Amino acid sequence: MPIRDPFEVLGVDSSVTQSELYEAYKRERGKYADKRFLPGAEGEEACERLDEIEAAYREADEILKTRFYVSNFDNSHKEIDDLIRQGRIDEAQQKLDESMTRDAEWHFLQSMVFYRRKWYNDAREHLRAAVEKEPNNVKYTDALKNFDEKMKRESGAASRTQAYRPDGGGERPYRNDNYVGGGNSNACTPCNVCSTLLCADCCCECMGGDLISCC
Amino acid sequence: MFGYVNADKPNMLMKDYAVFRAYYCGMCRAIGKRAKSQFMRLGINYDITFLAILAHNCRKQEPDIKEGRCAFHILGKKYPIAGADDIMLKIADINTLLGYYKVEDDVQDGGKLKHRIARLLTRRQFKKAAKRLPELAESIKTNYERLRALEKAGEKSIDRLADCFATILVDVGRVACGGPDGLLDDLCYNLGRWIYLIDAYDDLDKDIEEERFNPLLPEGGPLTPEKEQKIADTVKFNLDFAIANIIEAYDKMEVTVSEGALSNIIYRGLKARTEEILSRRCKNADKRPV
């Protein structure tokens, strides 16, 4: 496929918003959606175009997403953002202190600095301030939501005693624990699957049949 | 600030309780052995029991558990007791340091006679322990000083205040478990925050009564119902968040030694304790005259 500007493929300017991009993508796709079932070269071309549109949309969407974070900062904020990303927290804090504007973005960056320092209470306060100033900014509201939902996230370690895991326990906490019966004998491991198959093969052969023909 | 990290005994398997108890008794013995004084054994608490289990796990060293009798109940039953190995002895020293600086802090806070006596009684052991772990002693000292300075200045940010104690715990974790390790640091830092905050919340009434500084109420003064609610919300969020972070770090850690006891404390013990303290204050609030 020739490499073309994804925005050009979709017939839009590169300064569109994400929802506008989606509209353009739907429009372009609609043009070829029905043609692809036509016989001969016409149908094939429609299929190719659809693939191209699909790829272009994905790429353009990715570009918009990254640009959203970058272009949103004015220069001083961009610099602070870079410092945070590099883990130079003290310098970032210094820059924040020097900055004269106290807009939503400032609160957001301050929140990120505090989060890196593990000062979670202050981090949340600043994030709230950012959301208060710009309630429609998805970046801020999403971050705040993530913050508040972190506690509800499920624990991921399977190797711990079931009875103690936050999601474990339940009505009969010992039921699933491998300490009952001294081992995990019912597990569906590859080893167990193979040995069960072999066993079934033996049984079949006793009865005159055969399950696995090679043994 | 001691005794908050504990197992959730009602939800503990017997085998894990036996291990937990073995560590507890073992720590008590190790303290007696290290200090060569029976008095110091009174300083045994559940936090350092937890630290002992964690340290054994981080160093991948199984405890040497043998049956034995408690020195204070000579005629009693025999119980499994973890032998006093290097880790136990080191933690005994850490406990002495933490205990001494806590008492020292109380004295500086305009402590009463009992604090001064306690300081006097532990000073000799403290000096020995500080000689063995000079860096940790220095770190605890500077961080307590930092905390006191912040308190005097009327610092409003609980994060900044908790940072002092959390830093102490990070250093304690490093000394006990050996070497810096991102996950361990994370766990210890958040545990430090949790201990500091839960202690502050637990002492709230007492601090108001005696007009002492409390991080949750830096300006002092009486509690109004609105203030009370706001504090309860803040504390609940921060405690839960700290626990979530502790669990996150713990999940990523490799745990092979005494997993059951450790998991019980991390997954259930901390939460149970949080709920207990939060609800205890709520009950007290009902009794208080309005």
Side-chain angles (χ1 to χ4, degrees), chain A residues 87 89-90 93 96-97 107 110-129 131 143-184, chain B residues 7-8 11-16 156-163 166-167 170 185-186 188-190 192-194 197 215-216 233-256 258-272 274:
Chain A
I89 300 301
D90 289 333
Q93 181 64 63
L96 279 171
D97 290 340
H107 283 293
Q110 179 65 73
S111 164
M112 290 199 336
V113 167
F114 279 147
Y115 196 89
R116 278 294 185 95
R117 282 194 199 278
K118 301 185 185 133
W119 294 3
Y120 303 119
N121 197 53
D122 287 349
R124 192 166 77 137
E125 293 300 319
H126 278 283
L127 201 50
R128 273 188 176 163
V131 170
L144 188 62
K145 214 171 99 195
N146 277 341
F147 215 112
D148 287 341
E149 280 178 356
K150 182 165 185 183
M151 297 169 260
K152 293 172 201 149
R153 224 169 287 162
E154 274 190 12
S155 146
S159 60
R160 312 284 193 253
T161 307
Q162 190 78 33
Y164 303 143
R165 291 178 55 203
D167 50 335
E171 210 177 326
R172 290 175 186 163
Y174 299 145
R175 190 183 45 196
N176 295 327
D177 230 329
N178 54 10
Y179 103 109
V180 186
N184 218 350
Chain B
D8 179 22
N11 288 307
M12 204 169 194
L13 300 178
M14 292 295 280
K15 60 171 182 179
D16 296 333
K156 282 195 173 63
S157 159
I158 51 177
D159 288 330
R160 275 165 214 269
L161 292 160
D163 182 67
T167 312
V170 170
D185 285 358
D186 237 18
C188 289
Y189 189 94
N190 280 291
R193 266 179 75 87
W194 184 84
L197 279 176
L216 298 167
D233 287 346
T234 314
V235 167
K236 186 167 172 15
F237 166 77
N238 280 292
L239 290 179
D240 285 347
F241 203 77
I243 293 177
N245 283 321
I246 291 169
I247 289 178
E248 197 184 7
Y250 179 72
D251 277 347
K252 289 183 198 145
M253 280 165 100
E254 198 191 341
V255 182
T256 50
S258 314
E259 182 268 329
L262 210 49
S263 290
N264 178 285
I265 299 171
I266 301 252
Y267 290 135
R268 292 193 164 260
L270 296 178
K271 253 174 220 169
T274 307

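In what follows, chains carry the letters A, B, and so on, assigned in the order in which the sequence lines appear, proteins first and then strands, with residues in each chain numbered from 1. Keep in mind it's a predicted model, so treat the numbers as computed, not measured.
- The most heavy-atom pairs under 4.5 Å with chain A, out of B/L262, B/D8, B/N245, come from B/N245.
- The shortest non-hydrogen separation linking B/D159 to A/A123 is OD2-N, 4.4 Å.
- Distance check: B/R193 CZ to A/W119 CH2 gives 10.0 Å after rounding to the nearest 0.5 Å.
- Residue A/R124 touches chain B through its side chain alone, counting heavy-atom pairs closer than 4.5 Å.
- Taking the ring centroids of B/F241 and A/F147, they lie under the 6.0 Å cut-off.
- A/N121 and B/N238 are linked by a side-chain donor-acceptor pair at a separation below 3.5 angstrom, with hydrogens and angles left out of the test.
- Looking at A/K118 and B/D186, a side-chain N of the basic residue comes within less than 4.0 Å of a carboxylate O on the acidic one, giving a salt bridge.
- In this structure, OG1 on B/T234 lies 7.0 Å from CD on A/E125, to the nearest 0.5 angstrom.
- For the set B/A242, B/G269, B/A244, the count of heavy-atom pairs under 4.5 angstrom toward chain A peaks at B/A244.
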